[in-house]
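First comes the structure, then the notes that go with it.
Keep in mind that the numbers below use all heavy atoms, side chains included, and drop hydrogens, waters and symmetry copies.
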Amino acid sequence: NWTKTGNMSTGLIFALAISGNTIIAGTFGGGVFTSTNNGDTWKHTSSGLTTTYVNALLVNGNRIYAGTQEGVFISSDGGNNWIKSGLGSANIQSLSIVGGRIFAGTTTSVFVTGDLGITWTPYSNGLPSGYNVSLAFLNNQAYVGTLGKGIWTVPLSQIPVATEEVQIGNTTKYELYQNAPNPVQQNAKTKITFETVTYGHVNIEVFDLKGNSMGVLVDEYLQPGTYATDLSTENMTTGIYFYKMKTGNFTKTRKLIVQ
């Protein structure tokens with residue numbers, strides 16, 4: 001039989017997670033509560049949160065992620081204190097992790113981060129507008145459960161990985177470098193490195209010879225620095241392609257070969 005735990009003071013529990021010996025509860029309107037004695041007593045631990053509406057929780061190592069109605073927050077001390085991770089005022093409905101990438105389902109899109117929440121990249125190609133309330137992964141496929149619009153799936157290889165920070169600061173130019181290796185084999189990966197000198201929006205997109213978009217690699221705001229991102233050729237036929245970087249008034253295109 002089920003028995004009720006201790007002194008929880010709010011009735012709408014939207015998310016539960018376990019970090020070590022700590023139970024974390026995300027509530028709708030009450031913020032975050034934690035228990036270190038198997039639920040016998042609960043402590044309100046929402047310091048740093050800008051909202052009391054917590055829809056999702058995720059534990060990754062010693063980090064706890066809270067998906068709220070005002071973006072994602074991270075705690076590194078068992079849920080006692082929280083700092084803003086990103087996604088602005090996005091209404092986060094779900095959080096999940098696979099292969100080192102964290103996914104966030106919102107009321108408008110699905111976002112992914114490959115750097116523990118520093119930068120987030122949106123990916124909603126073909127996804128209907130609306131609430132993305134659940135996420136799951138199986139056999140290199142991502143699945144999204146929506147509110148009233150069914151379940152949608154996409155290969156993980158099609159979802160761009162958030163950029164890897166190579167070096168922040170100490171750059172004096174905008175630059176888009178040649179991918180390496182080039183040529184690149186089918187069903188492989190090639191790395192594209194680029195630099196930006198001011199904080200701003202960076203977009204890098206891949207095109208075929210006819211000018212058709214093959215996918216967006218980078219679409220986010222970045223601090224000045226040198227970055228790198230991987231391009232998977234899993235769904236690309238042999239031939240010549242182009243990748244183009246746009247940020248502010250800077251535009252540059254380079255050619256890559258898949259063989």
For F14, all residues meeting ring-ring contact (aromatic ring centres under 6.0 Å, His included), sequence neighbours excluded: F28
Assign the ring pair Y227 / F194 to parallel, tilted or perpendicular, where the plane angle (0 to 90°) is split at 30° and 60°. parallel
Can you check whether V72's main-chain N or O pairs, donor with acceptor, with T68's side chain at less than 3.5 Å? no
State, with a plain yes or no, whether a side-chain heavy atom of V32 is found less than 4.5 Å away from one of W82. yes
Steps toward side-chain contact (heavy atoms from CB on, under 4.5 Å) verdict (I102, L58): CA-CA 9 Å; I102 298 172; L58 172 72; 3.7 Å; yes
Hey, are the side chains of K244 and F242 touching, using non-hydrogen atoms and a 4.5 Å cut-off? no
For the backbone of T41 and the side chain of N37, can you confirm whether one donor and one acceptor N or O come within less than 3.5 Å of each other? yes
Dump the intermediate steps for side-chain contact (heavy atoms from CB on, under 4.5 Å) on Q158 and N235, then the final yes or no. CA-CA 8 Å; Q158 292 186 16; N235 296 301; 3.7 Å; yes
Any chain of hydrophobic side-chain contacts (each under 4.5 Å) joining Y243 to V202? yes
Apply side-chain contact (heavy atoms from CB on, under 4.5 Å) to the pair M236 and V184, showing each step before the final yes or no. CA-CA 11 Å; M236 300 171 69; V184 58; over 6 Å; no
Run the side-chain contact (heavy atoms from CB on, under 4.5 Å) check on N212 and F207 step by step: do they pass? CA-CA 5 Å; N212 299 312; F207 301 90; over 6 Å; no
Between T22 (side chain) and T36 (backbone), is there a donor-acceptor pair under 3.5 Å? no
Scan the side chains in residues 48-56 for donor-acceptor partners under 3.5 Å anywhere in the protein, sequence neighbours excluded, and list what turns up.
| residue | atom | partner | partner atom | Å |
| --- | --- | --- | --- | --- |
| T50 | OG1 | E70 | OE1 | 2.6 |
| T51 | OG1 | Y53 | N | 3.2 |
| T52 | OG1 | G29 | O | 3.2 |
| N55 | ND2 | N91 | OD1 | 3.2 |
| N55 | ND2 | I92 | O | 2.8 |

If the condition is ring-ring contact (aromatic ring centres under 6.0 Å, His included), which residues does F33 pass it with, not counting sequence neighbours? H44
Rounded to the nearest 0.5 Å, the CG atom of L95 sits from the CG atom of N60 at a distance of 11.0 Å
Is there a path of hydrophobic side-chain contacts, each under 4.5 Å between heavy atoms of I, L, V, M, F, W or Y residues, that connects I74 with I24? no
Count I, L, V, M, F, W, Y as connected when their side-chain heavy atoms are under 4.5 Å apart, and connections chain through other members. Are V59 and I23 then in the same cluster? no
Between L127 and V98, is there shared hydrophobic-cluster membership here, with clusters defined by ILVMFWY side-chain heavy atoms closer than 4.5 Å? yes
Under 3.5 Å donor-acceptor pairs involving side-chain atoms of residues 249-259, not counting sequence neighbours:
| residue | atom | partner | partner atom | Å |
| --- | --- | --- | --- | --- |
| K252 | NZ | E175 | OE2 | 2.6 |
| R254 | NE | L176 | O | 2.5 |
| R254 | NH2 | L176 | O | 3.4 |

Please check this pair: side chain of T34 against backbone of N80, looking for a donor-acceptor N/O pair closer than 3.5 Å. no
Joint hydrophobic cluster, I18 plus I97, side-chain heavy atoms closer than 4.5 Å: no
Check whether any side-chain N or O of T247 sits under 3.5 Å from a backbone N or O of H201 as a donor-acceptor pair, and report yes or no. yes
Hey, what else clusters with Y177 if you join Ile, Leu, Val, Met, Phe, Trp, Tyr whenever side-chain heavy atoms sit under 4.5 Å? none
Taking CG in L209 as the centre, count heavy atoms belonging to other residues, nucleotides or ligands within less than 6.0 Å. Is the count above 12? yes
Would you mind listing every side-chain hydrogen bond (donor to acceptor under 3.5 Å, both in side chains) that reaches into residues 131-156, with sequence neighbours excluded? Q141-T153
Can you check whether F103 and Y123 have ring centres sitting under 6.0 Å from each other? no
Could you measure the distance from the OG atom of S94 to the CG atom of L57? Nearest 0.5 Å is fine. 12.0 Å
